Amino acid sequence: MSDLSDILSALRWHVEIGCDEAIADLPTDWGTLAARPLPSRPAGAAPRAGTPAGPAPAARPATARAPAEPGLPLGASEAGASARARAREADSLEALEAAVRAFDGCALKLTATNTVFADGNPKARIMLVGEAPGEDEDRQGKPFVGVSGKLLDRMLAHIGLDRTSVYITNILPWRPPGNRSPTQAEIAACLPFLERHVALVAPDFLVPLGGTSAKTILDRSEGITRLRGQWFEYSTQGLAKPVPVLPMLHPAYLLRNPISKREAWRDLLTLRQRLSHLD
Ligand code: URA
């Protein structure tokens with residue numbers, strides 16, 4: 001049995017290599033997890049008659065062919081193809097959520113506690129898209145319920161909106177461990193679900209929150225400080241017409257950089273003004 005100083009030096013070593021939180025009561029042996037088969041695609045998910053006509057949402061350039069990550073049955077290119085097929089079959093938000101929950105092509109699912117699909121009103125005019133669930137969202141299974149969610153609620157209230165008048169989702173439905181930034185492979189694997197999500201909701205306005213969301217949705221390389229506050233358009237298979245897009249700063253960024261709140265507030269007024277033209 002280790003004495004206290006052994007335990008402390010083991011703990012210190014974990015902190016030094018970047019572990020910043022415990023995600024489960026018991027350790028996981030990731031070495032053996034790779035050999036454990038994950039549940040395969042449910043029988044009921046086979047292609048059905050009567051699903052939306054038309055080709056699959058256009059695929060972004062494929063990620064380089066890579067072997068499956070430990071614990072995953074699919075490599076990167078198979079994951080993207082599987083996500084596109086599942087997303088295409090989903091003809092309602094309920095079917096899309098079930099497809100996301102059944103998807104085994106993203107390793108983040110292995111470490112997440114919950115799948116975080118969406119919150120708010122799917123009939124709302126505004127669809128907000130964040131980056132990925134954080135710790136609170138992972139625990140509660142809902143987007144933007146932690147500190148940045150509280151700030152987002154205050155920002156929305158500033159222009160007379162709340163969760164009954166917006167719909168909220170994320171680029172990724174699973175929390176990256178320790179809130180690290182998502183990788184391009186993780187984003188590419190899950191992107192077909194987001195594209196279908198936007199097509200099914202068909203909002204009047206799309207608001208990416210933060211750089212990862214803005215760059216992914218707009219397929220651009222500029223940072224959020226260049227993209228924010230400008231209008232763009234988003235098209236994807238299944239949308240009758242392009243949706244106006246207004247990227248904004250992420251609430252978590254605003255918590256770290258309160259000076260930037262003035263830009264965020266300006267962008268909110270831009271959105272409010274455009275909404276009022278529809279009233
Ligand atoms: N940050 C995000 O981008 N999304 C959430 O749901 C929470 C925090």
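As the structure lists them, so they are numbered: ligands from 1, and atoms in each ligand from 1. Keep in mind that this is a model prediction, so the values were computed, not measured. One is the number of the first residue; the rest follow in order along the sequence. FYI, side chains are in, hydrogens and waters are out, and symmetry mates aren't considered; it's all heavy atoms of this structure.
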Judged by modelled atom types alone, do Asn121 and Thr164 share a side-chain donor-acceptor pair under 3.5 Å?
->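 Side chains of Asn121 and Thr164: no pair found under 3.5 Å.
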Any chain of hydrophobic side-chain contacts (each under 4.5 Å) joining Val116 to Met127?
->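 No.
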Would you say Arg226 has more than 12 foreign heavy atoms packed within less than 6.0 Å of its CZ?
-> no
I need the nearest protein heavy-atom contact for [atom]: residue, atom name and distance, please.
| atom | result |
| --- | --- |
| atom 8 (C) of ligand 1 | Ser148 OG, 3.6 Å |
| atom 4 (N) of ligand 1 | Asn170 OD1, 2.8 Å |
| atom 2 (C) of ligand 1 | Ala132 O, 3.1 Å |

Taking N or O atoms only and a 3.5 Å limit, does Glu131 qualify as a polar contact for ligand 1?
-> yes
Would you say Gly130 has any N or O atom under 3.5 Å from an N or O of ligand 1, going by distance alone?
-> no
Near His250 (heavy-atom distance under 4.0 Å), the atoms of ligand 1 are 1 (N), 2 (C), 3 (O)
Counting from 1, what ligand 1 atoms have a heavy atom of Pro143 closer than 4.0 Å?
-> 6 (O)
Aromatic centroids of Phe117 and Trp174 separated by under 6.0 Å |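 Judged by ring-centre distance (under 6.0 Å), Trp174 and Phe117 do not meet the cut-off.
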Measuring from Glu135:CD to Arg175:CZ, what's the distance to the nearest 0.5 Å?
-> 5.0 Å
Worked check of salt bridge (charged side-chain N to carboxylate O under 4.0 Å, His left out) between Asp136 and Arg139 | CA-CA 5 Å; Asp136 295 306; Arg139 203 175 294 131; 3.7 Å; yes
